[in-house]
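Reviewing the structure listed below.
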Amino acid sequence: MSDLRVRFAPSPTGYLHIGGARTALFNYLLAQQQSGTFVLRIEDTDVARSTQESVDAILDAMDWLGLTCDEGPFYQSDRSELYKEKIEQLLAEGKAYRCYCTQEELDAKREAALASGGKPKYDGTCRTRTDQPEQPYVVRFRLPNDEGVTHFNDRIKGGISIRHQELDDLILQRSDGTPTYNLVVVIDDAEMGINLVVRGDDHINNTPRQILLYEALGYQVPEFAHVPMILGADKKRLSKRHGATSVMAYQAMGYLPEALVNYLVRLGWSYGDEEIFSMDELIEKFSLNNVGKSAGVFNPEKLLWLNAHYIKTGDASRLAALLTEFLEAKGIVPSEGPDLVAVVESLRERASTLVEMADGAAFYFFDELAYDEKAHNKFLTEGHRALLSGICEQLRECSGFDEADLEAAFAKVMERFSLKFGKVAQPLRVALTGGTASPSIYDVLKVLGKERSLYRIERALTVLV
RNA sequence: GUCCCUAUCGUCUAGCCUGGUCCAGGACACCGCCCUUUCACGGCGGCGACGGGGGUUCGAAUCCCCCUGGGGAUGCCA
């Protein structure tokens with residue numbers, strides 16, 4: 001057990017998205033690798049936007065990805081006493097002050113500052129105010145040392161510093177009495193003993209003021225690692241416009257969690273020329289040192305390729321189990337069809353997602369096939385009657401139904417009709433599957449089994465055109 | 001506007017710290033060929049990048065500066 005303590009702190013205002021999942025993954029990998037502790041904290045201080053559904057969705061997604069936390073989930077909404085206490089402390093020490101400026105006044109000042117080309121920051125009107133009128137107020141942090149500079153050494157980005165002149169007295173407590181993000185994130189990370197904060201680089205700008213807060217509260221400042229953002233194809237912040245951004249949407253589209261994990265980790269991190277990583281390998285090989293500094297574009301094609309890879313190489317019985325729900329979604333009752341593992345084996349090299357696999361597998365489950373019209377007109381004609389009957393007779397005589405039996409049977413058919421394999425296979429394929437694209441004809445026969453196969457050929461014989 | 005971050009093929013990236021081994025390597029996508037019973041898988045090959053300009057140096061993708069591009073922040077969101 002090392003003393004590394006990291007955390008993932010999503011705000012429950014929506015589903016777990018791709019970017020958040022990657023941040024969570026990086027944290028998880030670091031904790032696993034160093035036998036540290038991965039803490040999950042739900043940042044629900046924005047009561048208006050936080051929902052329980054979102055919390056559940058985030059938990060489900062992390063579970064699906066295999067990112068289990070060691071501690072938590074903790075909810076900030078359970079910790080308001082602690083925050084109150086800290087705000088009182090800052091107030092008492094003069095490190096924070098009450099600000100009575102109204103929203104309207106602030107907006108006006110901001111606009112004026114912007115219009116005159118200045119920095120739109122709080123002008124400090126209430127900084128020196130000593131009275132406490134019976135009016136709504138917010139609590140602001142008194143930024144120490146206006147002339148100073150705060151510097152930190154980011155584990156990914158390197159040295160970053162910002163002059164205090166660029167900062168202003170941020171709000172710690174809203175007029176409704178609830179604390180704001182920048183305060184609670186500091187208190188919680190400190191109180192939970194987080195010593196390495198790994199988060200999106202959209203937080204870089206917050207970091208200096210948070211460091212100042214750590215110091216004001218007498219806490220030790222943790223290390224920071226800001227991971228680059230994920231962008232869409234147009235280099236804009238990734239959003240729904242670019243396709244699915246929710247982790248669970250990928251589950252629904254037939255993606256495997258290991259594919260998403262593999263994709264996400266390689267978006268920003270690399271290990272030489274290697275592309276394929278299992279979770280165990282990642283735990284061994286992941287390092288912040290190899291995380292790039294610049295934003296990356298989400299590339300759905302590569303994710304798809306990885307998914308196809310994992311479908312091709314994954315455990316067939318597990319895939320069969322996963323496929324079940326996708327089959328059922330198509331109205332199929334898997335238990336009434338052929339062996340699902342055999343079905344998977346026959347389709348795994350031709351499907352990139354479980355949805356595709358379910359589409360490709362459907363024919364196995366319908367003895368009363370709906371024939372593709374073009375295929376029907378081309379391959380199920382009176383001209384094929386003799387051939388199809390011949391195949392049927394030959395197959396019926398097979399004592400077994402394995403590769404060797406089938407090969408022998410087809411050799412006879414080919415000889416009898418003086419046809420190449422292709423000419424025999426295609427009409428049979430249509431009779432068996434309803435279309436012209438399917439797994440290898442021997443595989444189809446084997447998976448279907450003798451009885452179903454013969455039934456389908458005989459049925460095809462009744463619909464010849 | 002201001003501040004912060006960032007910059008190698010269309011995309012993800014290796015290389016950059018420790019300049020020469022890089023007329024820049026891998027992967028996805030795309031194109032072609034091969035394999036082949038359909039569809040695929042696979043194999044082989046091709047296309048394709050150091051943003052621009054100044055320096056430093058015998059020599060720069062690698063070091064320095066400027067510009068430009070992109071992202072982020074500038075919230076009583078997180």
Side-chain angles (χ1 to χ4, degrees), chain A residues 9-13 43-46 48-50 76 99 101-103 106-107 110 113-121 136-140 154 156-158 160-163 165-168 170-182 184-185 199-208 226 228-229 231 233-237 263 266-276 290 292-306 308 312 347-352 360 375 379 410 420-426 428-430 433 435-442 444:
Chain A
S11 69
T13 54
E43 308 231 322
D44 54 357
T45 51
D46 184 349
R49 298 199 300 152
S50 300
Q76 292 186 322
C99 169
C101 296
T102 65
Q103 189 76 66
L106 260 20
D107 290 346
R110 197 163 13 240
L114 224 35
S116 66
K119 180 103 180 155
K121 54 183 224 180
Y137 64 90
V138 298
V139 175
R140 283 184 187 270
D154 193 271
I156 291 172
K157 303 275 188 174
I160 294 176
S161 44
I162 186 154
R163 293 182 300 281
Q165 294 155 4
E166 304 298 336
L167 274 21
D168 66 356
L170 80 163
I171 292 171
L172 303 179
Q173 183 180 84
R174 302 182 182 97
S175 48
D176 67 0
T178 57
T180 59
Y181 166 72
N182 278 299
V184 296
V185 75
R199 68 204 336 181
D201 74 5
D202 48 338
H203 286 287
I204 284 185
N205 294 283
N206 289 325
T207 307
H226 287 98
M229 308 240 76
L231 309 176
D234 55 2
K235 300 275 181 94
K236 301 288 182 208
R237 197 186 191 121
Y263 178 71
R266 274 287 288 105
L267 184 52
W269 173 82
S270 61
Y271 191 80
D273 285 340
E274 289 183 42
E275 295 287 350
I276 306 295
N290 299 319
K293 296 176 173 185
S294 54
V297 173
F298 184 76
N299 182 349
E301 274 86 37
K302 190 151 185 181
L303 204 210
L304 191 63
W305 171 74
L306 279 164
K312 236 172 286 170
L347 287 160
R348 67 193 317 173
E349 292 202 334
R350 19 179 75 74
S352 295
F379 293 108
F410 277 90
K420 290 207 183 171
F421 189 75
K423 295 288 181 191
V424 178
Q426 217 50 352
L428 176 58
R429 191 184 311 281
V430 179
T433 72
T436 51
S438 85
S440 139
I441 206 72
Y442 289 147
V444 171

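In this text, all values refer to a predicted model and were calculated from it rather than measured experimentally. Throughout, protein chains are lettered first and strands after them, A, B, ... in sequence-line order, and every chain is numbered starting at 1.
Comparing the same atom, P, in B:C50 and in B:U62 gives a spacing of 12 Å after rounding to whole Å. The P atoms of B:G25 and B:A14 are separated by 15 Å, rounded to the nearest whole Å. B:C64 sits 14 Å from B:C16 when the P atoms are compared, rounded to a whole Å. Atom C1' of B:C23 sits at a distance of 15 Å from the matching atom of B:G48, rounded to the whole Å. Comparing B:C4 with B:C9, their P atoms are spaced 26 Å from each other, to the whole Å. Between B:G54 and B:G15, the distance separating the two C1' atoms is 25 Å to the nearest Å. The P atoms of B:C22 and B:A40 are separated by 39 Å, rounded to the nearest whole Å. Distance noted for atom C1' between B:A60 and B:U18: 14 Å (whole Å).
Donor-acceptor pairing under 3.5 Å, judged by distance alone, is absent between the side chain of A:Arg350 and the base of B:C41. With hydrogens and angles ignored, no donor-acceptor pair closer than 3.5 Å exists between the side chain of A:Ser438 and the base of B:C39.
Between A:Arg348 atom CZ and B:G42 atom C1' there is a gap of 15 Å when expressed in whole angstrom units. B:U74 atom C1' lies 13 Å from atom CG of A:Leu106, rounded to whole Å. A:Phe379 places its CZ atom 10 Å from the P atom of B:U38, with the value rounded to the nearest Å. Across the protein-nucleic acid pair, A:Gln165 atom CD and B:G1 atom P stand 20 Å apart, rounded to whole Å.
Contacts of A:Pro439 with the nucleic acid, taken as non-hydrogen atoms under 4.0 Å apart, include base atoms. Note on A:Thr433: nothing from the nucleic acid sits closer than 4.0 angstrom, heavy atoms only. At the heavy-atom level, A:Cys101 lies under 4.0 Å from base atoms of the strands shown. Residue A:Gly200 is out of contact with every strand shown, counting any heavy-atom pair closer than 4.0 Å. Heavy atoms of A:Glu43 sit under 4.0 angstrom from primed sugar atoms or phosphate atoms, though from no base atom. Within the 4.0 angstrom heavy-atom criterion, no nucleotide atom of any strand lies near A:Phe298. Counting non-hydrogen atoms under 4.0 angstrom, A:Lys423 reaches nothing in the nucleic acid. Within 4.0 Å (heavy atoms only), A:Ser270 reaches sugar-phosphate atoms of the nucleic acid but no base atom. A:Val297 comes within 4.0 angstrom of the backbone, heavy atoms only, and of no base.
B:A49 makes up no base pair with any nucleotide shown, lacking Watson-Crick or G-U wobble contacts both under 3.5 Å. Across all strands shown, nothing is found opposite B:A24 as a Watson-Crick or G-U wobble partner with both distances under 3.5 Å. Under the Watson-Crick or G-U wobble criterion, with both distances below 3.5 Å, B:G69 is paired with B:U6. Taking a pair to require two hydrogen-bonding distances under 3.5 Å in either a Watson-Crick or a G-U wobble arrangement, B:C17 remains unpaired. Here B:U37 sits opposite no nucleotide as a Watson-Crick or G-U wobble pair (both hydrogen-bonding atom distances under 3.5 Å). Within the shown strands, nothing qualifies as a pairing partner of B:U56 under the Watson-Crick or G-U definition with both distances less than 3.5 Å.
Contact annotation: the side chain of A:Thr207 never approaches that of A:Ile160 to less than 4.5 Å [non-hydrogen atoms, C-beta and beyond]. Residues A:Thr436 and A:Gln426 meet the side-chain proximity criterion, which asks for heavy atoms closer than 4.5 Å.
The side chain of A:Thr180 contributes no N or O atom lying less than 4.0 Å from OP1 or OP2 of B:C76. A:Arg174 has a side-chain polar atom (N or O) that falls below the 4.0 Å cut-off from OP1 or OP2 of B:A78. Remark: A:Thr13 is not in phosphate contact with B:C77, judged by side-chain N or O atoms under 4.0 Å from OP1 or OP2. An OP1 or OP2 oxygen of B:U2 is reached within less than 4.0 angstrom by no side-chain nitrogen or oxygen of A:Lys121.
The glycosidic torsion of B:C58 lies more than 90° away from 0, placing the base in the anti range.
Between A:Tyr442 and A:Phe421, the two ring planes are tilted [angle within 30° to 60°].
Residues satisfying the side-chain hydrogen bond (donor to acceptor under 3.5 Å, both in side chains) test with A:Asn290, not counting sequence neighbours, are none.
The backbone N or O of A:Ile171 sits less than 3.5 Å from a side-chain atom of A:Thr180, completing a donor-acceptor pair. Although no hydrogens or angles enter the test, the distance criterion places no donor-acceptor pair under 3.5 Å between the side chain of A:Tyr181 and the main chain of A:Asp46. Remark: side-chain polar atoms of A:Lys157 are not paired, donor with acceptor, to backbone N or O of A:Pro228 under 3.5 angstrom. In terms of modelled atom types and a separation under 3.5 Å, the side chain of A:Arg140 and the main chain of A:Leu172 share no donor-acceptor contact.
Of the candidate nucleotides B:U6, B:U37, B:G75, B:U6 has the atom lying nearest to any side-chain atom of A:Lys293.
In terms of heavy-atom proximity, A:Ile441 sits nearest to A:Ala425 at CD1-O, 3.8 Å.
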Checklist outcome for this item: Under a 4.0 Å heavy-atom criterion, the protein footprint on nucleotides 66-73 of chain B, written with B, S and -, is ----SSBS
Checklist outcome for this item: Protein heavy-atom contacts under 4.0 Å, written 5' to 3' over nucleotides 23-33 of chain B as B (base), S (sugar-phosphate only) or - (none), form the string --BBBBS----
